[in-house]
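Remarks on the structure that follows.
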Amino acid sequence: LKIYYKESILKILICGDSFKRISGLSYVTLNFAKYFASKKNELSYCVITGEKCDIDDLKNKGHSFYDILSKMKVIYNPNKLEISHNSFNEIIKDYKPDLIFSCHDLWQFENIAFSLYRETYKWIAYCPVESEYYSDYIIYPTSFDKSARKSLANICENIDYIIPYNS
């Protein structure tokens with residue numbers, strides 16, 4: 001990240017799961033958000049999967065991530081076929097991020113990989129490299145384009161930097 005970063009301030013869209021119940025990947029994602037915020041970057045959080053989250057719920061629970069989330073614009077992108085893809089394109093068109101940082105399973109990020117605006121941002125994906133589910137998802141076409149059989153490899157080809165982990 002330091003090589004990419006240098007010392008510039010970036011407009012970053014963090015894409016991940018709901019933070020309604022902070023555990024697992026949402027915990028990891030919000031820790032990355034703290035890192036990006038410490039570098040004085042402009043942040044927004046795009047909930048790609050999961051249920052809507054209310055930041056005030058975190059405040060009422062005294063959650064340590066309330067401070068970072070309260071400073072971000074939170075955007076909800078429904079994870080339902082073409083609605084998700086069109087909605088995400090509108091988010092990118094309006095927000096114009098320099099960088100997208102995603103933290104989830106790769107099959108959740110077709111909308112990032114195949115966005116109409118893909119050439120306008122760098123994409124860093126923190127994602128598992130092994131999963132019992134991958135064999136099921138690799139063979140299916142994307143939910144956005146039934147005519148082509150896109151795979152996780154096609155999604156990976158669109159990622160600028162991958163931070164892999166084993167699930």
Side-chain angles (χ1 to χ4, degrees), residues 1 3-20 22 25-26 28-56 58 65-127 137 140-163:
L1 289 178
I3 292 170
Y4 175 72
Y5 249 137
K6 298 184 182 170
E7 293 300 320
S8 61
I9 295 175
L10 300 174
K11 195 171 189 181
I12 301 173
L13 180 63
I14 298 170
C15 297
D17 204 356
S18 170
F19 52 81
K20 187 165 185 120
I22 296 178
L25 284 177
S26 60
V28 172
T29 307
L30 291 170
N31 274 301
F32 274 111
K34 279 186 173 181
Y35 169 78
F36 292 134
S38 74
K39 302 296 183 191
K40 309 292 188 234
N41 293 293
E42 180 183 331
L43 305 177
S44 285
Y45 192 105
C46 183
V47 178
I48 297 283
T49 61
E51 55 200 330
K52 281 203 169 189
C53 335
D54 187 347
I55 295 172
D56 289 334
L58 298 177
F65 288 115
Y66 173 78
D67 287 341
I68 187 68
L69 283 166
S70 65
K71 295 175 182 141
M72 285 191 252
K73 177 179 181 183
V74 177
I75 305 163
Y76 297 96
N77 188 59
N79 195 22
K80 294 190 176 14
L81 301 175
E82 289 78 14
I83 296 169
S84 176
H85 193 57
N86 294 332
S87 173
F88 188 78
N89 281 328
E90 289 300 312
I91 290 166
I92 297 302
K93 182 179 171 185
D94 293 342
Y95 188 65
K96 296 177 180 62
D98 300 307
L99 173 69
I100 289 183
F101 180 83
S102 66
C103 187
H104 212 307
D105 299 301
L106 286 176
W107 60 79
Q108 303 287 1
F109 292 118
E110 295 168 310
N111 48 7
I112 298 174
F114 306 114
S115 170
L116 294 174
Y117 304 102
R118 178 60 193 93
E119 296 301 318
T120 65
Y121 53 84
K122 293 290 185 187
W123 178 17
I124 298 174
Y126 179 86
C127 56
Y137 283 92
Y140 294 117
T142 71
S143 54
F144 308 124
D145 183 1
K146 300 284 187 196
S147 64
R149 296 186 64 80
K150 296 194 175 107
S151 68
L152 293 179
N154 295 109
I155 291 172
C156 284
E157 287 175 359
N158 286 289
I159 300 170
D160 295 303
Y161 306 99
I162 295 177
I163 303 170

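To the nearest 0.5 Å, atoms OH (Y161) and CG (L99) are separated by 9.5 Å. One distance of note links CG of L106 with CD1 of I162; it measures 6.5 Å at 0.5 Å rounding. Rounded to the nearest 0.5 angstrom, Y35 OH and I68 CD1 are separated by 13.0 Å. Between atom OH of residue Y126 and atom CZ of residue F32 there is a gap of 5.5 Å, rounded to the nearest 0.5 Å. In this structure, CG on N111 lies 8.5 Å from OG on S87, to the nearest 0.5 angstrom. Rounded to the nearest 0.5 Å, atoms CZ (F65) and CE (M72) are 9.5 Å apart.
Within 6.0 Å of NZ on K34 lie more than 12 heavy atoms contributed by other residues, nucleotides or ligands.
Nearest heavy atoms, S115 versus N89: OG-OD1, 2.7 Å. Here the closest non-hydrogen pair linking E42 and I9 is N-CG2, 4.4 Å. Contact detail for I48 and C15: the closest heavy-atom pair is CG1-CB, 3.8 Å.
Aromatic ring orientation, F109 versus H104: perpendicular (interplanar angle above 60°, classes split at 30° and 60°).
Considering I100, I92, I91 in turn, I91 is the only one that fulfils the side chain to side chain contact (heavy atoms under 4.5 Å, CB included) rule with C46. Considering I12, L13, T29 as possible partners of Y45, the one that fulfils the side chain to side chain contact (heavy atoms under 4.5 Å, CB included) test is T29.
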Worked verdict on L43 versus F101 for side chain to side chain contact (heavy atoms under 4.5 Å, CB included) | CA-CA 10 Å; L43 305 177; F101 180 83; over 6 Å; no

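Remark: the backbone N or O of I124 is not paired with any side-chain donor or acceptor of D160 at under 3.5 angstrom. The backbone N or O of L10 sits nowhere less than 3.5 Å from a side-chain atom of D98 that would complete a donor-acceptor pair. Checked by atom type and distance alone, the side chain of Y121 pairs as donor or acceptor with a backbone atom of I112 at under 3.5 Å.
For the pair K93 and Y117, the cation does not sit on the ring face, since its NZ or CZ is not both under 6.0 Å from the ring centre and inside 45° of the axis.
For S26, the side-chain hydrogen bond (donor to acceptor under 3.5 Å, both in side chains) criterion is met by no residue, not counting sequence neighbours.
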